Colleague: 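Mind having a look at this structure? Questions to follow.
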Amino acid sequence: MKKTILLTIGLATAFTANLFAGETLQLQLVPERGYVVKNAPQEVVIKIDLSAIADVKKIRRTPLNLAVVLDKSGSMTGAKLEKTKQAAMQLVDRLAPDDVFSLVIFSDKAQVLVSAQKVENKDALKEKIESIEANGSTALYAGVKMGADQLQEFFSSKRINRVILLSDGLANVGPSSTSELRRLGSDLAERGMSVTTIGVGDDYNEDLMAGLAEASDANYYYVKDTEKLPDIFAKELGELLTVAARDVRIEIICPDGVRPLGFIGRAEQFQDQKAIVNLSQFTTGQDRYLFLRCVVNGDKPEVARVNVNYKDELGDGSDQSASGVARIDFTEDQKLSDQSLNGAVFAEKQLMLTAVAKDEAIAQADAGNYQQAATILKAQSFALNNSFAAASPAVQSQIRAETNNLDNFSGAIGGFGGGGGGGGFDSTTRKSLQEQSYNTRNSK
């Protein structure tokens, strides 16, 4: 049964709580500024906020269809492989009899070690995992594709269909570019699958691993310390077991007279005044958000209409939908417009811009422009500090952490090396910056 709720938010209702009491996803549309000056071209930012309710007892647990894809190339020898096997066996221990599990390993080529099957004999599955030995190269693309083929055997819209990929090295057999892996991730997403990626150590290609995960809206982890691998697998499985909504489709439509500029930190583009953002899932209590940028010029209050469709996993798995209209008010008083700034939204926008700044700094440092990279990070640290007072206590805590991160990274990148800096821009620094940016941009 499909349910639809209509919501209109303007200045007076911007902080309304529990707008969809009892529904799985709650939608709020909050303008950064309540009043804008009439008939003057200016940028308007709308926070599109979707959150899954947390104070419910889950009625059912959605069955899983998991394909674990493990790198067993020569570089995995030793502690990496042992901790990986330990983590995979602990994952098997937590699966239910109705879950489906498959295991693909790859080095010079990909191989199905455990074909897709119900989890009925955990000891046999763990025995297969324990038998893995490291050798060879890194056929990563083939491994992911084979994992997806295993998912297809039991694929169902009533299951969560997920590949979990772990690798510590550069893809060097078969397709190996970031664009090719992103395209694979997008293709799998269209088929109802997603790929969580776990990069281990400092030798893997983080752009490739993050790109693959992002294209299918899954999680990406950078694991420097192999001792943490069991915790990472447990975290991933914990999220899969608490899915509240999935197959989330967000449609944003701007009326004539409003020029959409896109979303801060996301690549989705508008065509004919409309954009689509697809999110794979929400766990209970999770909050995910977009910041829409657009230019208004006139006196019409409607900025955007947002339609959300999703599959409810807290109840009977039915389709649900919600709609909202973001509106602003107009004034001829510039002072009133300035005073109508929503400090909380402004601060949260600055956190999203921090992710953008990190990506820009990485690009500059990759080009050898270390001082420019450090300058970008310092400037964003200053901007974050300026938004601190207006933020909520929870966001203030995030701002403190981020300003410390930015200051540390800018010092490391710009403060070392022969005159030009860059001595602190090593693989660890790059991977840390990129993982932080990924998690912020994707509300992870």
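For clarity, every value in this text was computed on a predicted model and none was experimentally measured.
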Colleague: What are the two closest heavy atoms between Leu377 and Phe409, and how far apart are they?
Modeller: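 Result for this residue pair: CD1-CB, 3.7 Å.
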
Colleague: So do the side chains of Val44 and Glu32 get within less than 4.5 Å of each other, counting heavy atoms only?
Modeller: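 No, their side chains stay 4.5 Å or more apart.
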
Colleague: Once you round to the nearest 0.5 Å, how far does CG of Asp203 lie from CG of Asp168?
Modeller: 7.0 Å

Colleague: For Tyr141 and Glu180, work out which heavy atoms get closest and say how close.
Modeller: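 Nearest heavy atoms, Tyr141 then Glu180: CE1-O, 3.9 Å.
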
Colleague: Can you confirm whether Val45 sits close enough to Phe346 that some side-chain heavy atom of one is under 4.5 Å from a side-chain heavy atom of the other?
Modeller: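 No, side chains not in contact.
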
Colleague: Please examine the side chains of Val248 and Asn309, heavy atoms only from C-beta on, and report whether any two atoms are closer than 4.5 Å.
Modeller: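 No, side chains not in contact.
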
Colleague: Kindly write out the residues that satisfy ring pair (Phe, Tyr, Trp, His ring centres under 6.0 Å) with Tyr438, not counting sequence neighbours, or none if the list is empty.
Modeller: Tyr220

Colleague: How far apart are the C-alpha atoms of Glu348 and Gln398, what are their side-chain angles, what is the distance that settles it, and do they pass the side chain to side chain donor-acceptor pair (under 3.5 Å) test?
Modeller: CA-CA 9 Å; Glu348 291 163 349; Gln398 294 177 27; over 6 Å; no

Colleague: State the CD-CD1 distance between Glu227 and Ile232, to the nearest 0.5 angstrom.
Modeller: 13.0 Å

Colleague: Would you indicate whether the side-chain heavy atoms of Thr196 and Arg162 approach each other to under 4.5 Å?
Modeller: yes

Colleague: Just wondering, do Val68 and Val163 contact through their side chains at under 4.5 Å, heavy atoms?
Modeller: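 Counting from C-beta outward, Val163 and Val68 never come under 4.5 Å.
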
Colleague: I'd like to check the salt bridge (Lys or Arg N to Asp or Glu O under 4.0 Å) partners of Arg441; sequence neighbours left out, ordered by chain and number.
Modeller: Glu214, Asp359

Colleague: Checking the side chain of Thr440 only, and the main-chain atoms of Ser437 only, is there a donor and an acceptor separated by less than 3.5 Å?
Modeller: no

Colleague: Might you confirm whether atom NZ of Lys444 has over 12 heavy atoms from other residues, nucleotides or ligands at distances under 6.0 Å?
Modeller: yes

Colleague: If you measure from CG on Leu237 to OG1 on Thr242, what distance do you get to the nearest 0.5 Å?
Modeller: 9.5 Å

Colleague: Regarding Glu239 and Thr283, do their side chains bring together a donor and an acceptor under 3.5 Å, going by distance alone?
Modeller: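 The answer is no; no qualifying pair exists.
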
Colleague: What residues, two or more places apart in sequence or in another chain, satisfy ring pair (Phe, Tyr, Trp, His ring centres under 6.0 Å) together with Phe233?
Modeller: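 Partners of Phe233 by the ring pair (Phe, Tyr, Trp, His ring centres under 6.0 Å) criterion come out as none, since no residue qualifies.
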
Colleague: How about Asp287 and Ser51: does a side-chain donor come under 3.5 Å of a side-chain acceptor?
Modeller: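 Absent: no donor and acceptor within the cut-off.
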
Colleague: Test of understanding: with salt bridge (Lys or Arg N to Asp or Glu O under 4.0 Å), list the residues that count as partners of Asp202, not counting sequence neighbours.
Modeller: Lys224

Colleague: Measuring only between side-chain heavy atoms, which start at C-beta, is Ser321 closer than 4.5 Å to Tyr310?
Modeller: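 When only atoms from C-beta onward are counted, Tyr310 and Ser321 do not touch, as no gap falls below 4.5 Å.
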
Colleague: Thr62 versus Lys158: any side-chain heavy-atom pair under 4.5 Å?
Modeller: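 When only atoms from C-beta onward are counted, Lys158 and Thr62 do not touch, as no gap falls below 4.5 Å.
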
Colleague: For residues 109-119, tabulate all N or O donor-acceptor pairs below 3.5 Å that involve a side-chain atom, not counting sequence neighbours.
Modeller:
{"unit_1": "Gln117", "atom_1": "NE2", "unit_2": "Ser115", "atom_2": "O", "d": "3.0"}
{"unit_1": "Lys118", "atom_1": "NZ", "unit_2": "Asp98", "atom_2": "OD1", "d": "3.3"}

Colleague: Rounded to the nearest 0.5 Å, what separation is found between the SG atom of Cys294 and the CD1 atom of Ile46?
Modeller: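 One gets 6.0 Å once the value is rounded to the nearest 0.5 Å.
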
Colleague: Do Glu402 and Thr354 meet the criterion of a side-chain donor-acceptor pair at a distance under 3.5 Å?
Modeller: no

Colleague: Sequence neighbours excluded, which residues qualify as salt bridge (Lys or Arg N to Asp or Glu O under 4.0 Å) partners of Asp312?
Modeller: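 Applying salt bridge (Lys or Arg N to Asp or Glu O under 4.0 Å) to Asp312 gives none.
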
Colleague: Tell me yes or no: between the side chains of Arg33 and Ser340, is some donor less than 3.5 Å from an acceptor?
Modeller: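 No donor-acceptor contact under 3.5 Å links the two side chains.
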
Colleague: Test side chain to side chain donor-acceptor pair (under 3.5 Å) on Glu236 and Tyr221; report intermediate values, then the result.
Modeller: CA-CA 10 Å; Glu236 179 69 12; Tyr221 303 94; 2.9 Å; yes

Colleague: Which residue pairs pass the side chain to side chain donor-acceptor pair (under 3.5 Å) test when at least one of the two sits in residues 126-136, sequence neighbours left out?
Modeller: Lys72-Asn135, Asp93-Lys126

Colleague: Would you please say whether a donor-acceptor pair under 3.5 Å links the side chains of Gln436 and Lys358?
Modeller: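 There is such a pair between these side chains.
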
Colleague: Restricting to side-chain contact (heavy atoms from CB on, under 4.5 Å), what partner residues turn up for Pro301, sequence neighbours left out?
Modeller: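 For Pro301, the residues satisfying side-chain contact (heavy atoms from CB on, under 4.5 Å) (neighbours in sequence not counted) are Arg327.
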
Colleague: Check whether any side-chain heavy atom of Leu70 sits under 4.5 Å from a side-chain heavy atom of Thr84, and report yes or no.
Modeller: yes

Colleague: Nearest 0.5 Å, what's the CG-CD distance between Leu66 and Gln150?
Modeller: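 That separation rounds to 12.5 Å.
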
Colleague: Please report the shortest heavy-atom distance between Leu212 and Leu181, naming the atom on each side.
Modeller: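 Heavy atoms only, the tightest pair is CD1-O, 3.3 Å.
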
Colleague: Suppose we screen for ring pair (Phe, Tyr, Trp, His ring centres under 6.0 Å). Which residues come up paired with Phe270, at least two apart in sequence or across chains?
Modeller: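 Checked Phe270 against ring pair (Phe, Tyr, Trp, His ring centres under 6.0 Å); matches are Phe263.
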
Colleague: Does the Arg288 side chain pair with the main chain of Asn442, one donor and one acceptor, at a distance under 3.5 Å?
Modeller: yes

Colleague: Does CZ in Arg159 sit with more than 12 non-hydrogen atoms of other residues, nucleotides or ligands closer than 6.0 Å?
Modeller: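 Correct, the count exceeds 12.
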
Colleague: Okay, side chain of Asn408, backbone of Asn404: is any donor-acceptor separation there less than 3.5 Å?
Modeller: yes

Colleague: Can you name the closest pair of heavy atoms from Ser216 and Gly185 and give their distance?
Modeller: CB-O, 3.6 Å

Colleague: Salt bridge or not between Asp207 and Arg430? Use side-chain N to carboxylate O under 4.0 Å.
Modeller: yes

Colleague: To the nearest 0.5 Å, what is the distance between CG on Leu170 and CE on Met209?
Modeller: 10.5 Å

Colleague: Among pairs that include at least one residue of residues 243-256, which meet side chain to side chain donor-acceptor pair (under 3.5 Å), considering only residues two or more places apart or in two chains?
Modeller: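 Output for this query lists Arg246-Glu313, Glu251-Asn307.
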
Colleague: List the residues meeting salt bridge (Lys or Arg N to Asp or Glu O under 4.0 Å) with Arg293, not counting sequence neighbours, and say none if there are none.
Modeller: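 So Arg293 forms a salt bridge (Lys or Arg N to Asp or Glu O under 4.0 Å) with Glu43.
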
Colleague: Mind checking what makes ring pair (Phe, Tyr, Trp, His ring centres under 6.0 Å) contact with Tyr289, not counting sequence neighbours?
Modeller: Phe291

Colleague: Give the minimum heavy-atom separation between Gln273 and Pro260, together with the two atoms involved.
Modeller: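 The pair with the smallest heavy-atom distance is OE1-CD, 3.4 Å.
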
Colleague: In terms of side-chain geometry, is the basic nitrogen of Lys274 or Asp272 positioned less than 4.0 Å from the acidic oxygen of its partner?
Modeller: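 Answer for the salt bridge query: no.
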
Colleague: May I ask you to say whether Glu435 pairs ionically with Lys431, meaning some side-chain N is under 4.0 Å from a carboxylate O?
Modeller: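 Between Lys431 and Glu435 there is no salt bridge, as every charged N stays at least 4.0 Å from the carboxylate O atoms.
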
Colleague: Quick one about Asp71 and Ser73 (side-chain donor to acceptor, distance below 3.5 Å, no hydrogens or angles considered), yes or no?
Modeller: yes

Colleague: Shortest non-hydrogen contact from Ile399 to Ala391?
Modeller: CD1-CB, 4.0 Å

